[in-house]
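A quick note: this is a predicted structure, and the numbers were derived from the prediction, not measured. Throughout, residue positions are numbered sequentially from 1 according to the sequence presented.
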Amino acid sequence: MDNFQWEIREKLENQLVEKLKFEWDQAVWTMKQRDPQLAGRIKQPGILLSDMKSLLGVWNTKNQEILLSRNLVLNGRWDSICEVLRHEMAHQLASTFPEQQNEKPHGKIFIECCKILCANPKASGSYQTLEQRIWGNEDSENDKMMLKVKKLMSLASSANRHEAESAAAKANQLIARYNIDIIKNDKKRNFESIIITSPCLKRTQSEKMASIILMNYYFVKTVWMSVYMPEKQRMGRVLEISGTPSNIKIADYIFHYILKYAENCWQKYKKENPSCRSRSGFMTGVVNGFSDKLDNQKAAGIKQQHSDMADSQAVIAV
C-alpha cells in the first residue's frame with residue numbers, strides 16, 4: 001500500500017472513529033434521560049481500531065479504551081458495528097462497579113448494564129454479527145418464502161404499473177398467511193433491527209411513503225434515525241426496520257423494489273418527456289399507487305370478513 005492509499009485509509013478510519021464517538025455520546029445521552037447519576041459514572045473513552053482476528057471488540061479498563069475490530073468497522077454494516085460498540089460500553093459501565101471484580105465478565109452486573117444501554121450481551125467473541133444472523137444464516141423455510149416473493153416481484157421489469165402493484169399486494173397476502181401460521185403454531189421468533197438505507201441529509205417523500213408501506217403491510221416496525229455523517233459534518237437520516245429475520249429480509253427487498261421501480265418509471269417518462277423536471281412528484285405518485293393498491297386490498301378483505309360473519313349469523317338465526 002503506497003503513501004496515498006495510506007492517507008486515504010487513515011482519513012476514512014478517522015471519520016469512522018468520529019462517527020463511533022458520536023454513537024457513544026448518543027447512547028449515554030439516552031441513558032442520562034433515565035438515570036443521570038448512572039450515566040455520570042462513565043466518560044468517553046478512547047475508541048481505537050485494532051487488527052483483532054478472533055474478537056469483535058474489547059473494553060480495556062486499564063487504558064480506558066474500547067478496541068473494535070478494524071475488519072468489522074471497515075467492512076461491516078453500521079448497525080452491526082454499533083451493536084458491538086454498545087456491548088463494550090456495557091463492559092465499560094460494569095467496570096465502574098467494585099462488585100464487578102468478583103464476577104465473571106458476563107455476569108449479573110454486566111447483564112444489567114446491557115439492559116440499561118440496550119446492548120446485546122452476546123455481541124462479542126465468536127458471536128455472529130447482526131448482518132450474519134440475518135443474511136448469512138440459511139433457513140430453508142425462509143428461503144422458500146423469499147423466493148416466492150421475488151418471483152411475484154419479478155414483474156418489476158414490466159412496464160405495466162398495475163401488474164407491479166398487484167405483485168406487491170400478492171406478496172403482502174403471502175407473508176400475511178406465513179406470519180399468521182407462525183403465530184397460530186406458537187413458533188419461536190427472534191427479533192432484530194437493521195438499517196436498510198445509506199445516510200442522507202434529507203429523506204425524499206417517496207422514501208417516507210415506502211417506509212410507511214413496510215410498517216403497514218410487511219410486518220416490520222420502521223423508524224428514521226439520526227446518524228452523524230463525518231464527511232458532511234452534519235446529522236443525517238437512515239431507515240431502521242425491526243422484526244423477525246424473515247420479515248426483515250422481505251421488507252428490505254420490497255422497499256428497494258418499490259423505489260427502484262419508481263425510478264425506472266421516471267427514467268422512461270423523462271425520456272419521453274424531456275421538459276419534465278418533477279422527479280420527486282412523479283416518483284411519489286408511483287409509490288402512492290402501491291399504497292393505494294394495498295389499501296384497497298385491505299379494505300376488500302375487511303369487507304369480505306364482515307360479509308362472511310353476516311352469513312354465519314344468518315345461518316345460526318335460521
Side-chain angles (χ1 to χ4, degrees), residues 7-33 44 47 49 68 72-86 89 118 129-131 134-135 192-216 218 220-243 248-249 251-267 269-270 276-291:
E7 288 177 7
I8 294 296
R9 175 167 164 170
E10 184 179 21
K11 183 177 179 181
L12 173 61
E13 290 190 4
N14 288 338
Q15 288 181 339
L16 289 168
V17 168
E18 286 302 309
K19 197 171 180 181
L20 287 164
K21 288 179 179 178
F22 173 81
E23 293 290 346
W24 189 97
D25 285 337
Q26 285 291 95
V28 173
W29 182 88
T30 302
M31 181 170 60
K32 189 179 294 185
Q33 307 313 301
Q44 190 180 88
I47 298 179
L49 306 188
L68 296 176
L72 171 68
V73 174
L74 292 179
N75 302 309
R77 293 172 59 105
W78 191 248
D79 35 22
S80 294
I81 298 165
C82 289
E83 183 180 51
V84 178
L85 174 66
R86 284 182 179 253
M89 287 181 67
C118 300
T129 62
L130 179 60
E131 58 201 289
I134 294 176
W135 305 107
E192 302 281 6
S193 297
I194 67 165
I195 295 169
I196 65 170
T197 63
S198 299
C200 61
L201 295 176
K202 186 178 180 181
R203 300 168 293 175
T204 65
Q205 189 62 29
S206 55
E207 287 175 326
K208 293 179 188 177
M209 290 188 64
S211 70
I212 292 172
I213 288 174
L214 296 190
M215 186 164 61
N216 288 344
Y218 293 97
V220 293
K221 296 291 185 182
T222 64
V223 59
W224 286 94
M225 298 175 57
S226 296
V227 295
Y228 180 62
M229 300 175 67
E231 68 281 8
K232 303 286 186 181
Q233 295 187 343
R234 293 176 61 186
M235 296 298 295
R237 293 280 184 173
V238 292
L239 178 61
E240 181 185 74
I241 63 175
S242 302
I248 283 176
K249 286 182 183 180
D252 175 63
Y253 178 82
I254 293 289
F255 178 81
H256 291 100
Y257 158 78
I258 290 175
L259 293 178
K260 180 65 175 177
Y261 185 83
E263 176 65 31
N264 290 342
C265 288
W266 162 248
Q267 292 298 336
Y269 183 81
K270 176 68 176 174
C276 183
R277 296 286 187 272
S278 184
R279 177 179 179 273
S280 177
F282 183 92
M283 288 188 61
T284 299
V286 174
V287 177
N288 193 48
F290 284 92
S291 181

N/O donor-acceptor pair under 3.5 Å between K19 side chain and M229 backbone: no
Minimal non-hydrogen separation, V286 against C265, with atom names: CG2-CB, 4.3 Å
Y261 and F290 aromatic ring geometry - parallel, tilted or perpendicular at 30°/60° bounds: perpendicular
Y253 atom OH, over 12 foreign heavy atoms within 6.0 Å: yes
Heavy-atom closest pair, residues I47 and W24: CD1-CB, 4.4 Å
Distance (rounded to the nearest 0.5 Å) between I241 CD1 and I196 CD1: 4.0 Å
Smallest separation among heavy atoms of D252 and H256, with atom names: O-ND1, 2.9 Å
salt_bridge(E13, R9) N-O dist < 4.0 Å: yes
Over all atoms of both residues, closest heavy-atom pair of L49 and L20: CD2-CD1, 4.4 Å
Heavy-atom closest pair, residues T129 and E83: C-OE1, 4.5 Å
Atom CD of Q233 with >12 non-hydrogen neighbours under 6.0 angstrom: no
Closest non-hydrogen atom pair between S211 and F255, with its separation: N-CE1, 3.9 Å
Salt bridge (charged side-chain N to carboxylate O under 4.0 Å, His left out) partners of K21, counting only residues at least two apart: E18
Ion pair R279/E263, N-O distance below 4.0 Å: yes
